[in-house]
Amino acid sequence: MTEMQRNSSTSDDHTGRCYLITGAGSGIGRAVALRVAAAGAGVALADKDFRGASAVASDIVAAGGTAVALKVDISDEAQVQQMILDAVAEFGALHGAFNNAGIAAAGDYAFGTPLTDIEATDFRAMIEVNTTGLFLCLKHELRVMRQAGTSIVNTASAAGLIGMPQGAPYVASKHAAVGLTKAAALEAAPRDVRVNSICPGYTETPMLLANATTTGRQRRVDSTPLGRLGQPEEIAEIAAWLLSPASSFMTGSNIAIDGGLTAGGSTIGAG
Ligand SMILES: NC(=O)c1ccc[n+]([C@@H]2O[C@H](COP(=O)([O-])OP(=O)(O)OC[C@H]3O[C@@H](n4cnc5c(N)ncnc54)[C@H](O)[C@@H]3O)[C@@H](O)[C@H]2O)c1
């Protein structure tokens, strides 16, 4: 990227850029897709839930944007490779990726299960998606996305920055996402390819609502210093900025967007 391009960049400068977004059919991925598409980006929307991704793509196209839906299970390497091939075939080149697909429950495990009661199969199932899936996306993206100015953003979590009781598999998988972000950033930096992560706190998405009782939801609100849940659109602002050239001097950073959750105090973790 030239100095002039850097100096003229704003957070809304997505025109002419194309991004791959995983987990784009719902919640935070959907909000980021709508946000960057409205700012001029072409988006390849990948999700295990193809119908969800297709619905978001239809909304973007109806609003005059450019979007294509892809089906992927990020824990399957062949599918990840195909997803990236398909996205490149659609847009010619990718200027960034938002690696966001993830799960909060696996098998019998959900937040609220003591570590001593968690089955190894359920622990592995969570790592398989949240950690191995992210690794596979980074591996194949960094093989093809070699152009200077490329920006990759991973979705880690506040649970990647601090421990939370009764959430061991999720906490472990998201700490790994933070570590993967730092390692990948260092390898890609010589090519001016940037890798950062966002670390959302409790955010009002289908994932959170599916895993929290009414009491659990209120406890999450109470444990957040700003006294409310985050909205996907608030997370999308920071992800969009990290994808854009406006954040050109940032790489290897893991940014909390959490209403103050990780600033101190106590966390509840359990739903
Ligand atoms: N909601 C929160 O409070 C919160 C907080 C911190 C981090 N996160 C993280 O944000 C990301 C998005 O979560 P969300 O809250 O928007 O949840 P969501 O359930 O609304 O969206 C997640 C999307 O990922 C897709 N997905 C799941 N497994 C997949 C796989 N193996 N391959 C491809 N797609 C897959 C789902 O189909 C879904 O569309 C996740 O990584 C999650 O861990 C969420």
Worked check of side-chain hydrogen bond (donor to acceptor under 3.5 Å, both in side chains) between Asn100 and Thr155: CA-CA 5 Å; Asn100 163 76; Thr155 302; 2.8 Å; yes
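- Looking at residues two or more places apart in sequence or on another chain, you find a side-chain contact (heavy atoms from CB on, under 4.5 Å) between His140 and Glu77, Val80, Gln81, Ile84, Arg143.
- Side-chain N or O atoms of Arg17 include none that pairs as donor or acceptor with a backbone N or O of Ala41 at under 3.5 Å.
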Side-chain donor/acceptor pairs under 3.5 Å, residues 56-70, sequence neighbours excluded:
residue	atom	partner	partner atom	Å
Ser58	OG	Ser54	O	3.0

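- Dense packing is recorded around CZ of Arg191, with more than 12 heavy atoms of other residues, nucleotides or ligands lying under 6.0 Å away.
- Between the Ser247 side chain and the Trp241 main chain, a donor and an acceptor come within less than 3.5 Å of each other.
- Residues meeting the side-chain contact (heavy atoms from CB on, under 4.5 Å) test with Pro114, sequence neighbours left out: Thr116, Asp117, Gln166.
- In this structure, NE2 on His175 lies 8.0 Å from CD1 on Ile162, to the nearest 0.5 angstrom.
- Remark: side-chain polar atoms of His95 are paired, donor with acceptor, to backbone N or O of Cys18 under 3.5 angstrom.
- Remark: Glu233 does not engage Arg35 in a salt bridge, criterion side-chain N to carboxylate O under 4.0 Å.
- Within the 3.5 Å criterion, the main-chain N or O of Leu229 finds no donor-acceptor partner in the side chain of Glu204.
- Across all their heavy atoms, Ala188 and Leu142 have their closest contact at CB-CD2, 3.9 Å.
- Minimum interatomic distance between Thr262 and Ala158 (heavy atoms only, all atoms of both residues): CG2-CB, 3.7 Å.
- In this structure, Thr203 contributes its side chain and Gly201 its backbone to a donor-acceptor pair below 3.5 Å.
- Looking at every heavy atom in both residues, Asn99 comes nearest to Cys137 through OD1-CB, 3.6 Å.
- Two rings, from Phe98 and Tyr19, have their centers 6.0 Å or more apart.
- Applying the 6.0 Å contact sphere to CD of Gln218 captures more than 12 heavy atoms from other residues, nucleotides or ligands.
- Atom CG in Asp192 sits 8.0 Å away from atom OG in Ser248 (nearest 0.5 Å).
- Side-chain atoms of Thr131 never come within 3.5 Å of backbone atoms of Glu128 as a donor-acceptor pair (strictly under, hydrogens ignored).
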